[in-house]
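Below is one structure; the comments refer to it alone.
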Amino acid sequence: MAQLIHELVERAAARAPSGTALRHGAGRVSYSGLAAAMTAVAAALAGAGAGRDDRVATCLPACPENVAVLLGASNAGCAFVPLDPGLDPARLCAQLRHSGARVLVLGAEQAGALAAGLADCPALRCVVVRGGAPARLGPRGFGWDDWLAGGGRSAQPSGMPSLGALLYDARAAEPMANALSQRNLVAGAASTARCVGLGAGDRILAALPLHADHGLNALLATLSAGATAWLDAPAGTAELAALLERGDITGLSAAPATWEALAGASFGRGADCLRFLVSAGGSPGRAALDALRQALPRTRIHLMYDVGDACRSTCLMPSQLDERPGSIGRAMPYSDWLVLRADGRECAPGEEGELVQRGPLVSLGYWNDAGRSSLEFRQLPPLPGLALGESGRWPGAGARKDMDGYLYLVDARSDTITTGGYRVRAREVEKIVVGTGLVAEAAAVGVAHPVLGQVIAVLATARPGARLDSAILFGACRARLPQHMLPAMVDVRRAPLPRARDGQIDRALLAGELAPLFAEAAP
């Protein structure tokens, strides 16, 4: 197995140099061409003074230049920081400052909007503009072609980089990034490629953004197999359905909401061409899933579930839903999920306990946030077969495991609510609700929904002296929360919210009370 992500491309180029690595618009990039491009980027980064573990940020859509910077950063020993070009300039600059990025590559449309804010990014030494002039950026601004032309020989980094990428939660109120090692990235690519059976002849549509874990992983898995990454993902459902109907795509990873929208589509030639599809972040509603299975009888459908911020935690084939209703599947390849008792021993099959991740997919923690990291990442207890001192991840979820290793979540202790393909932090919602000044305390919980996976429910008590009911609080939420974080139900209670033994609001109990709320919703 490769140790660094750029080695995935080097190996594919050695096997089939003329094979198509990327398709973008009318252009195609071969594996040998992509290898040359990433080498040129690595040389330019070395010329800019970027070295081992320095952060290299991009603010670009899915395009060959974005992929070249990702791989070139690895080749130079740097860490890649993909940012969402759709974010407002203030939030983008906040993420840049938080990351301490030394180099930024962005499009001409972002360069003008970010020019003023970049002055407050002291670590930034080089700003590269793709497709435009860097006139407003001063002496640290370069055009893409001039930057590459000015690079010398790529300096090989000394030692293994400790950091591979920083992936930001684009919807968090404050900058928050999951830190991934090169081992995480390479093992994650191998895990997905093995799970879905990727081959060199596959053509994979990059429908998920590269600044998100699922999208970046799908790209790296494609390159690890020597397959073709199709970077032109249509924005609309009708256009996406038309592309699939042409029969050019053999595999696709998309959010559950996308599969909901495609459930009634006519796939035409795609029904024979699509070898597999992935529902990333959970399952679409049962009716949509059944419609997809009927329309694509020869296509393997993989349901990949997240547990907290641990993406691609488990995978389930739809046929298992009939045999194991409620299961989130088994651990992805090269990973493991343990169910532990309070004393650290492993639970017996069927016994409920704490869900803990181990193996090469456990990330490094949260960048520049030792407090949050210490809550989720710590040393595993001594167990048979585990190396002493191995670190694990506690996402804050309870589960049980059956005799065959299939997992079932049993409570709502996780801070993450997955709704309509979005992953929303309960504490982010609670922070904004409390910030209205109307409530004394608030809890946001995920409630099962047959279409959206989960919806958000907010329960609160009024601040002393405040005039508050559910309608008033919902109006305050609608004025402050983006649509994907808006609660489907608001309940203002007179009695204090229930507390668990540790003194925290008992979200699990509240979620249990509300579980039947949307059970009869039409799929």
Side-chain angles (χ1 to χ4, degrees), residues 19-29 61-64 66-67 192-193 195-210 212 214-219 221-223 225-304 315-319 321 420-422 450-453 522-523:
T20 302
L22 308 175
R23 288 190 57 167
H24 185 247
R28 300 188 182 206
V29 180
C63 62
N66 203 355
V67 180
T192 297
C195 181
V196 303
L198 263 169
D202 278 311
R203 300 176 299 278
I204 310 302
L205 182 63
L208 295 168
L210 300 186
H214 281 287
L216 179 59
N217 171 260
L219 170 69
T222 301
L223 298 177
T228 299
W230 196 301
L231 300 180
D232 298 297
T237 303
E239 293 81 5
L240 177 57
L243 175 59
L244 296 177
E245 191 173 352
R246 282 163 35 193
D248 292 324
I249 303 299
T250 65
L252 169 62
S253 180
T258 300
W259 295 119
E260 288 281 349
L262 286 173
S266 172
F267 290 93
R269 291 178 57 195
D272 296 319
C273 187
L274 273 170
R275 294 201 314 110
F276 68 87
L277 60 83
V278 174
S279 181
S283 174
R286 189 56 190 261
L289 185 57
D290 289 343
L292 288 168
R293 294 170 70 182
Q294 184 174 359
L296 301 167
R298 289 176 290 279
T299 302
R300 287 179 287 105
I301 302 175
H302 302 263
L303 308 176
M304 289 188 184
C315 187
L316 182 74
M317 302 298 285
S319 59
L321 285 176
Y422 292 100
V451 174
L452 299 174

Q: Report the C-alpha separation of Trp259 and Leu252 in whole Å, then their side-chain angles, then the decisive distance to 0.1 Å, and conclude whether the side-chain contact (heavy atoms from CB on, under 4.5 Å) test is met.
A: CA-CA 10 Å; Trp259 295 119; Leu252 169 62; 3.5 Å; yes
Heavy-atom closest contact ([X] atom, [Y] atom, distance):
X	Y	result
Ser283	Leu289	OG-CD2, 3.8 Å
Leu274	Gly251	CD2-N, 4.0 Å
Pro256	Gly282	CG-O, 3.6 Å
Arg203	Cys273	NH2-SG, 3.6 Å
Leu277	Thr299	N-CG2, 4.0 Å
Leu296	Gly270	CD2-O, 4.3 Å

All side-chain hydrogen bond (donor to acceptor under 3.5 Å, both in side chains) counterparts of [X], not counting sequence neighbours:
X	value
Arg293	none
Ser253	none
His24	none
Thr250	Asp202

Please identify each residue that fulfils side chain to side chain contact (heavy atoms under 4.5 Å, CB included) with [X], with sequence neighbours left out.
X	value
Ala263	Ala288, Ala291
Thr192	Asn217, Ala221, Met304, Arg312, Met332
Ala206	Leu231

Q) So do the side chains of Trp230 and Thr20 get within less than 4.5 Å of each other, counting heavy atoms only? A) no
Side-chain donor-acceptor distances from residues 234-247 under 3.5 Å, at least two apart:
{"from": "Arg246", "atom 1": "NE", "to": "Asp248", "atom 2": "OD2", "distance (Å)": "3.1"}
{"from": "Arg246", "atom 1": "NH2", "to": "Asp248", "atom 2": "OD2", "distance (Å)": "2.8"}

Q: Tell me, please, which residues at least two apart from Arg300 pass salt bridge (charged side-chain N to carboxylate O under 4.0 Å, His left out).
A: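 Partners of Arg300 by the salt bridge (charged side-chain N to carboxylate O under 4.0 Å, His left out) criterion come out as none, since no residue qualifies.
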Q | salt bridge (charged side-chain N to carboxylate O under 4.0 Å, His left out) partners of Asp232, counting only residues at least two apart | A | none
Q.
Using 0.5 Å steps for rounding, measure from the CD1 atom of Ile204 to the CG atom of Leu219.
A.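 Atom-to-atom, Ile204:CD1 and Leu219:CG are 11.0 Å apart.
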